[in-house]
Amino acid sequence: MGTSQGLILAGAAAALIGGAALAQDPAPPKPLGGATSTPHAIADYQPVTDAMLRAPSPDDWLMMRGNYQGWGYSPLDQVNKTNVKGLQLVWSRLMETGVNEATPVIYKGVMFLGNPGDVIQALDAASGELLWQYKRNLPARDVLRSHWGQRKRSVFLYDDKLFTMTWDNALVALDARTGKQLWEVSRGGDYYVTNTTGPIVVDGVVIAGSTCQEAAFGCYVTGHDAKTGQELWRNHVIPNKGEPGDETWGGMPFDQRWMTGVWGPITYDPEMNMAFYGSSGVGPAADVQRGVKGVATLAGTNTRYAVEPKTGKIVWRHQVLPQDNWDQECTFEMMPVTTPVNPDAKTDGMMAVGRGARSQSRKVLVGAPCKTSIVWSFDRAKGDFLWAKETGVQNVVKSIDARGKVTVNPDLLMTSLTKTYHQCPTHAGGRDWPFSAYSPQTNAIYVQMQNLCADYKVRADNIPSKPRDQYNKIGKVVFADGRDKVGRIEAVSVETGRTLWSWETMASNYSPVLATAGGLLFNGGMDRYFRALDQTNGKVLWQTRLGSQVFGGAATFRIKGRQYVAVTAGGGYNPHPLPLTVGIDQPSGGNMVYVFALPEPE
């Protein structure tokens, strides 16, 4: 698909390319450090090894989605379809204020919890007792030019360290036993760049993306040495003048190519030793605001990448949405799965089937990478296109051919300042960041989405746009065509692409999905409900109402033979379907972590 990323390696290559990188990445700010309170250090902490990360213990929830592949699946089955109605609250604990989208990480009975605003806690996972707390010394809020970084979706454990990405775009290593800061490395960005999802560590390399949502430049993915923090490589997303892919930007000056980043999760395939990530769209969103000449497919935007973790070398790439006028941000997870591949060309929503796609067993990369909620499947070794299937209501993609090349709907390209465009979905999705789950029991993925469209006009009073304007559109959000509920989970077969079932709910269920070997799916909602559904049919088997909206990710773990289910709630952020759900009590704020379990035997 012809895009370019600058690859900065340690040593000579860094010296050669570093000048161009610095032109886009302002000088790092002065390190700020952090303060740690350690009432109870973890005396018996065991370092996390590469072998543990490749095959996590079922007792732990060792990373944000449970495994490198990003499945969001636990092999625990003590809590199952027959007894889930007995779940009870075991403990809960207040969290820091702010946008709360965290997933707890649990290792050998300790919960490591990222709070909004760069507060990290180690808690006894069975009781909620505080073991240690770290709080970063952040600059004043008016200096931090991107508000997105207050989110702390995840932290990562490796060796004897806990790694976190900070609001001010530093990679920080803490002593996992005590929470004491060991070192920090700024990644630059002059406080415009931040990170929302957190890093992963592969074979001693800390890999992290970034968001440039309000920056007058594009973002990057970096790899750092886990022992020292030294930067090993840096992949820029947007091509510079004269680089491959520059010709796809319609003559736009390089300094007006804004915002494209990699703020979604990074997954990893231990079998093939490849990491996978996706880039977002560009700002401003509309062609008429960008002033492009002719068709501009915008190489580097909305693209899937497969890279070597040690070097950042790009193995393959595929643009899943060119010429994005709608902020459909294709940065969401795609998951390595081994499966038979028999796409059903006649199933509802199937948009294309690749040549030679069928196989009795194939290593695929599958998921819904964009807000369009189109599910894609690729051969993960070379990126060969296998199939693509429409799930939600969308009208921005017109067609996909047998090679996976996308043609957008020309009628939806925003070239007028006076026309109203009926856009499906909105820039909040379809699907958005809340992660999908994959269950090997059903060989299906479960995609959270919102049934939302919008009637938008381009703002004529705000041109030329600034990066902070982002979408620069006005209009009303409406139900997706033919729908009367906002929240939805779609179950899609990884083998055939068929929809197995859909479940809908009036309020948005804007939180990640967790699958377990007990045949369950856990999911929260803006109506404050935390629910367990049957994987096979979407039937709600259990629900409980919490204090405020459930935006965080659920996790499950086992201590001394007892299975627990944890979730964070509180929110502090509304992805704008509230006017469509008047009458539902859905307050935000009041951040908490809640932990449930079945009653202990008498």
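Along the sequence shown, the residues carry numbers beginning at 1. Basis for what follows: all heavy atoms, side chains included, without hydrogens, waters or symmetry-related copies.
- Annotation: W376 is in aromatic contact with H318 [ring centroid separation under 6.0 Å].
- Ion pairing between K539 and D534 fails under the 4.0 Å rule for side-chain N and carboxylate O.
- Atom CG of N273 has more than 12 neighbouring heavy atoms from other residues, nucleotides or ligands inside a 6.0 Å radius.
- Side chains of E333 and S436: a donor-acceptor N/O pair is present below 3.5 angstrom, by distance only.
- Looking only at side-chain heavy atoms (C-beta outward), V486 and N451 stay at 4.5 Å or farther from each other.
- Considering CZ of F435 and OG1 of T267, their distance stands at 11.5 Å, rounded to 0.5 Å.
- A perpendicular orientation is assigned to the rings of F530 and W542, their planes being inclined by more than 60° (bins at 30° and 60°).
- A 4.5 Å side-chain heavy-atom check between D432 and K371 finds at least one atom pair inside the cut-off.
- With rounding to the nearest 0.5 angstrom, the CZ atom of R562 is 14.0 Å from the CG atom of L76.
- Neither side chain, N523 nor Q448, offers a donor N or O lying under 3.5 Å from an acceptor on the other.
- Every residue two or more places apart in sequence or in another chain was checked for a side chain to side chain donor-acceptor pair (under 3.5 Å) with Y73, and none qualifies.
- With respect to the salt-bridge test (charged N to carboxylate O, under 4.0 angstrom), the residues K161 and D175 do not qualify.
- Although no hydrogens or angles enter the test, the distance criterion places no donor-acceptor pair under 3.5 Å between the side chain of T426 and the main chain of L452.
- Inspection of the Y446 and T442 side chains reveals an N or O donor paired with an N or O acceptor under 3.5 Å.
- Under the 3.5 Å distance criterion, with hydrogens and angles disregarded, a donor-acceptor pair is assigned to the side chains of T499 and E490.
- When side chains are defined from C-beta on, D59 does not count as touching I559, because their heavy atoms never get closer than 4.5 Å.
- For the residue pair R431/Y510, the side-chain donor-acceptor check at 3.5 Å is not satisfied.
- Using a 3.5 Å distance cut-off with no hydrogens or angles, the side chains of T556 and Q563 do pair a donor with an acceptor.
- Between the CD atom of Q450 and the CZ atom of R488 there is a distance of 12.0 Å, given to the nearest 0.5 Å.
- In terms of modelled atom types and a separation under 3.5 Å, the side chain of D203 and the main chain of V205 share no donor-acceptor contact.
- For the 3.5 Å distance criterion, the side chains of D527 and Q586 fail to qualify, holding no donor opposite an acceptor.
- In this structure, R153 is positioned above the aromatic face of W433, its NZ or CZ under 6.0 Å from the six-membered ring centre and within 45° of the axis.
- Note that CG of L87 is 9.0 Å distant from OG1 of T544, once rounded to the nearest 0.5 Å.
- Contact check for P116 versus E101: no side-chain heavy atoms found under the 4.5 Å cut-off.
- In this structure, V110 and L123 have side chains that are not in contact, with every pair of non-hydrogen atoms separated by 4.5 Å or more.
- Looking at T581, its side chain never comes within 3.5 Å of a backbone N or O of I584 through a donor-acceptor pair.
- At least one side-chain heavy atom of D379 sits less than 4.5 Å from a side-chain heavy atom of R362.
- With hydrogens and angles left out, the side-chain atoms of Q535 and S439 include a donor and acceptor closer than 3.5 Å.
- Ring pair F163/Y158 is tilted by interplanar angle, where 30° to 60° counts as tilted.
- L386 is listed as a side-chain neighbour of V364, based on a closest heavy-atom distance under 4.5 Å.
- The stretch residues 84-94 participates, sequence neighbours left out, in no side-chain hydrogen bond (donor to acceptor under 3.5 Å, both in side chains) pair at all.
- Between F112 and W61, a ring centre-to-centre spacing not shorter than 6.0 Å is recorded.
- Side-chain N/O atoms of T339 and N443 include a donor and acceptor closer than 3.5 Å.
- Scanning all heavy atoms of the two residues, the minimum distance from W71 to M335 falls at CA-SD, 3.7 Å.
- To the nearest 0.5 Å, atoms CG (L514) and CZ (F522) are separated by 6.5 Å.
- Outside the 6.0 Å centre-distance limit, the rings of Y134 and W132 are not counted as a close aromatic pair.
- Between Y45 and Y107, the distance from one ring center to the other falls under 6.0 angstrom.
- Checked against a 6.0 Å centroid threshold, the rings of Y277 and W263 do not count as neighbours.
- In this structure, W167 and D118 have side chains that are in contact, with non-hydrogen atoms separated by less than 4.5 Å.
- Rounding to the nearest 0.5 Å places OG1 of T372 at 10.0 Å from CH2 of W326.
- Atom NZ of K81 has more than 12 neighbouring heavy atoms from other residues, nucleotides or ligands inside a 6.0 Å radius.
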- List the steps, then state whether side-chain hydrogen bond (donor to acceptor under 3.5 Å, both in side chains) holds for R54 with Y268. CA-CA 10 Å; R54 281 168 165 73; Y268 172 65; 3.2 Å; yes

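- Smallest separation of non-hydrogen atoms from P56 and G66: CG-O, 3.6 Å.
- Under the 3.5 Å distance criterion, the side-chain polar atoms of E329 are left unmatched by any main-chain donor or acceptor of T331.
- The minimum heavy-atom distance linking L113 with A102 is given by the pair CD1-CB, 4.4 Å.
- Between F596 and Y594, the ring planes lie parallel to each other; the angle is under 30°, not in the 30° to 60° tilted range.
- If you check the side chains of S57 and K108, you find no donor sitting under 3.5 Å from an acceptor.
- Remark: the Q121 side chain and the N115 side chain contain an N/O donor-acceptor pair separated by less than 3.5 Å.
- Residues N591 and T97 have side chains that never bring a donor and an acceptor to within less than 3.5 angstrom of each other.
- One side chain, T164 or K152, offers a donor N or O that lies under 3.5 Å from an acceptor on the other.
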